[in-house]
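On a predicted model such as this, the values are computed, not experimentally measured, just so you know. These values consider heavy atoms only, across backbone and side chains, with no hydrogens, waters or symmetry-generated copies. The first residue in the sequence is number 1, and the count goes up from there.
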Amino acid sequence: MKKHSIKFGILLIFFGIICFFFIPFVQGIKNPYMLNFMNIILVLSMIIFSIIGIIFIVYGARSKRAQKNVPIIESIEHTHIGPWHQYDILLSIVGYGWDDMIEWADYVAGADLENVTQVTVSSLGEQETDITKSYLENDCKCSKMPELNIEKGVLSIAGNSLNLKSPVKIVWINQTRVLRIFSIIDNEIFIIKYIADIIKRSFAKKNTSEPIKPKVKKYIGLKIIGYCITVFTTSALIAGIINKSNDYFGLGVVAVADIIGMVLILWKKIRKILEKFTNGFALKIQNLNVVNIFLKIFSVISCISMGGLLIFGPLNLETPTMVCVVTGIFSMPAFFFSIYTSSGFFMDKRTVVFIKGDSIHINSDKFLEWVKKNPDERNFVFCAAVQLKGKEPVISLYEDKVKTKEYCLQTEDGEDFNKKYFLFSVRLSLMDNQFVPVAQIDGFISDTPKNRPIETDDIGYRMEGHYLACGGTLSKQRYDAMRGQDLVAKGLKYPGYTTPANVRLIGVCPECGKSFAFHGYAFYMMQSDVAYSDDGLYCCEILSHDIDKDTWTYESDGKIFRYYNSFNCPYCGTPYIDYKKYHENKVFGVSGCVHLGKKYYREE
């Protein structure tokens, strides 16, 4: 909630009053059509500004009243960190201690949290220690955990809140009056009520009554405005028809405003229909050039029709005004739809993931909105196809209109992907107990944009998992921790599953930022293992038994292979999988990474 809602509301009402006082100044306009048009605009502006202003004032007053009605809260500080909203609450009660923290944590877990995903403990200034495993082993009771017998400075618990209908993390700081809440909800009223329920032990009990279900009255402002516009314009339209008005242009403008009012009233349902529609048909036809050409031509025709509405109508030339009005009304939806489907101009405001050309765009706000609506879902999956350009095309990834990654679909053996299609899926998830957003892209090359499963003779690609920038410092920490780790940590290999031989892996060098493709071969021979050359560009299958890992070497074609050598970036030589630093990752069964076009060796 904005801090200056009331002031902003008063300012909007002031603008509405100004619009009212401008009405006498337009009475000198001689053209009756333009006079009626300006009167309608000023009156509608006055009504809309006033209504929105009242909404802001009421909204701000509700926030103040909510905080005033909870005297146990002295103040609340609200900050935005990546996808999460942090609320620091200063309690007006006496400071709490370690026993209070444990009691509160058990109460919240039992009365509100579903699927506790993380429990941590730390001293002030130290890194958190994850004790979730011990929590689960001790009947999900903090009071039974041996780790909590020793008093610490900070205790936190995270999970899905039944009352907030979203992921939440609660942090207690020992011997203070401060509570910290992390949530994706941007609403102080809900958080204040939530804190009051924690302190007063007033959550509805499970299996006895329904938990609190705060309802966000979305689009209520649009509905109010829609009702006002509809009542005003319908009255004007009926009056004009009854009086047999010859001002067709004025009646047309009123009719359009009437339609707009009805759309605002029904916007919630219309929006849902649009989302389903655009996630299906609208996204599919982007790859059909014939449809694109038709829509662009139709856009031009629509522009001409709208021009007729705006030019011929007010000037009252020989072209019948009513024809222009009708043509303009019916062409405007088609005009916006044609722009929508052919260029994706509005898609970033309506969809979580959408396509522009050969680039993938992610709307982080829409993704977090989806998470809030679907707290039990782990993944948002989007499937589409893009037409490729060039022999080795590049797929760009954008987050909120900012390019963050480029994945080059490298080829080998004379392959050429120009004019082919890349059928892919984008899976968005919240990792690390639902606090770090990550994107995973898988796909394959096809001759047509028709959706189908991957086959054994298709060339597939799996991109390195990417932590979204909207995760802020949490995403950066996870990305830094991933540096030098194995394929599982990078999202290129799924534990318990063998990567198909026709699926290539695409990594991104943490140093130079360039992407490179490689094969992730699994060697199935008994006691087999892999090692890399000193330059980290070539892979060798080890067939020896009982080798000394620290001293083993093998030489072939002038290349020396050592057991703990790293698999490196082909451009700058930076270790991509750093076995020298992370010896523990070098275990039997790891995949052998072979750069495209490079020979792999077998120990003789």
Side-chain angles (χ1 to χ4, degrees), residues 279-281 283-289 353-362 379-397 405-429 438-466 487-488 490-508 514-524 539 567 570 576 590-600:
N279 280 330
F281 176 74
L283 290 175
K284 290 179 181 178
I285 67 174
Q286 288 187 79
N287 295 307
L288 302 179
N289 292 328
V353 183
F354 61 96
I355 308 302
K356 282 187 178 180
D358 55 359
S359 60
I360 302 170
H361 291 251
I362 298 174
N379 299 305
F380 175 90
V381 180
F382 170 86
C383 299
V386 297
Q387 189 170 27
L388 302 175
K389 300 176 182 178
K391 181 180 179 181
E392 292 188 337
V394 174
I395 302 296
S396 300
L397 181 66
K405 288 289 180 184
E406 283 188 345
Y407 300 100
C408 180
L409 304 183
Q410 289 180 308
T411 61
E412 62 180 355
D413 299 331
E415 297 167 343
D416 189 347
F417 296 156
N418 190 38
K419 301 298 183 181
K420 291 184 180 292
Y421 292 88
F422 185 54
L423 276 59
F424 66 93
S425 68
V426 179
R427 187 174 69 254
L428 302 180
S429 310
V438 63
Q440 180 73 59
I441 303 173
D442 292 86
F444 62 94
I445 307 300
S446 176
D447 292 327
T448 68
K450 184 179 179 180
N451 188 26
R452 62 177 178 83
I454 186 172
E455 299 175 357
T456 54
D457 57 346
D458 289 321
I459 299 174
Y461 288 91
R462 177 180 300 155
M463 282 70 161
E464 174 188 296
H466 172 62
L487 297 181
V488 174
K490 298 176 186 296
L492 291 171
K493 186 178 187 300
Y494 302 143
Y497 294 90
T498 301
T499 303
N502 62 321
V503 175
R504 300 167 183 177
L505 309 178
I506 298 182
V508 179
K514 294 182 179 179
S515 68
F516 53 91
F518 58 93
H519 298 284
Y521 290 135
F523 299 105
Y524 292 104
C539 178
F567 175 63
Y576 184 67
V590 297
S591 297
C593 301
V594 180
H595 286 293
L596 263 60
K598 301 288 186 182
K599 173 185 175 181
Y600 81 86

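Checking side-chain atoms of Q440 against main-chain N and O of L428 turns up no donor-acceptor pair under 3.5 Å.
Of all non-hydrogen atoms in F422 and G443, the two that sit nearest each other are CE1-C, 3.4 Å. The two residues G592 and C539 come nearest to each other via the heavy atoms CA-SG, 4.0 Å. Taking each heavy atom of P570 and H595 in turn, the nearest pair found is CD-CE1, 3.5 Å. Across all their heavy atoms, K389 and D358 have their closest contact at CD-OD2, 4.4 Å. The two atoms that bring F518 and F567 nearest to each other are CG-CZ, 3.9 Å, heavy atoms only. Between C408 and S515, the shortest heavy-atom contact is N-OG, 2.9 Å.
Looking only at side-chain heavy atoms (C-beta outward), N418 and L388 stay at 4.5 Å or farther from each other. Using a 4.5 Å cut-off on side-chain heavy atoms (C-beta onward), D442 and I454 make no contact. Looking at heavy atoms from C-beta onward, I441 lies out of side-chain contact with K405 at the 4.5 angstrom threshold. Two residues are said to be in side-chain contact when any heavy atoms from C-beta on lie closer than 4.5 Å; F424 and I360 meet this criterion. You'll find the side chain of H466 stays beyond 4.5 Å of the side chain of V438, heavy atoms only. Side-chain contact between D457 and N502: absent, with no pair of heavy atoms (C-beta onward) separated by less than 4.5 Å. You'll find the side chain of R427 stays beyond 4.5 Å of the side chain of S425, heavy atoms only. A 4.5 Å side-chain heavy-atom check between F382 and I355 finds at least one atom pair inside the cut-off.
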Evaluation steps, side chain to side chain contact (heavy atoms under 4.5 Å, CB included), between E464 and I506: CA-CA 6 Å; E464 174 188 296; I506 298 182; over 6 Å; no
Verdict with supporting geometry, D447 and K420, side chain to side chain contact (heavy atoms under 4.5 Å, CB included): CA-CA 5 Å; D447 292 327; K420 291 184 180 292; 2.7 Å; yes
Test log, rule side chain to side chain contact (heavy atoms under 4.5 Å, CB included), inputs V503 and F444: CA-CA 8 Å; V503 175; F444 62 94; over 6 Å; no
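Note: E455 CD to S446 OG = 8.5 Å, rounded to the nearest 0.5 Å. Distance check: M463 CE to I395 CD1 gives 6.0 Å after rounding to the nearest 0.5 Å. Here the straight-line distance linking atom CG of L505 with atom NZ of K490 works out to 12.0 Å at 0.5 Å rounding. The structure places CG of D458 at 9.0 Å from CD1 of I445, a figure rounded to the nearest 0.5 Å.
Salt bridge annotation for D416-K391: absent, with no cationic side-chain nitrogen under 4.0 angstrom from a carboxylate oxygen. Under a 4.0 Å N-O distance rule, the pair E412/R504 qualifies as a salt bridge.
Between F417 and Y461, the ring planes lie perpendicular to each other; the angle is over 60°, past the 30° to 60° tilted range. In this structure, Y521 and Y600 have tilted ring planes: the angle between them lies in the 30° to 60° band.
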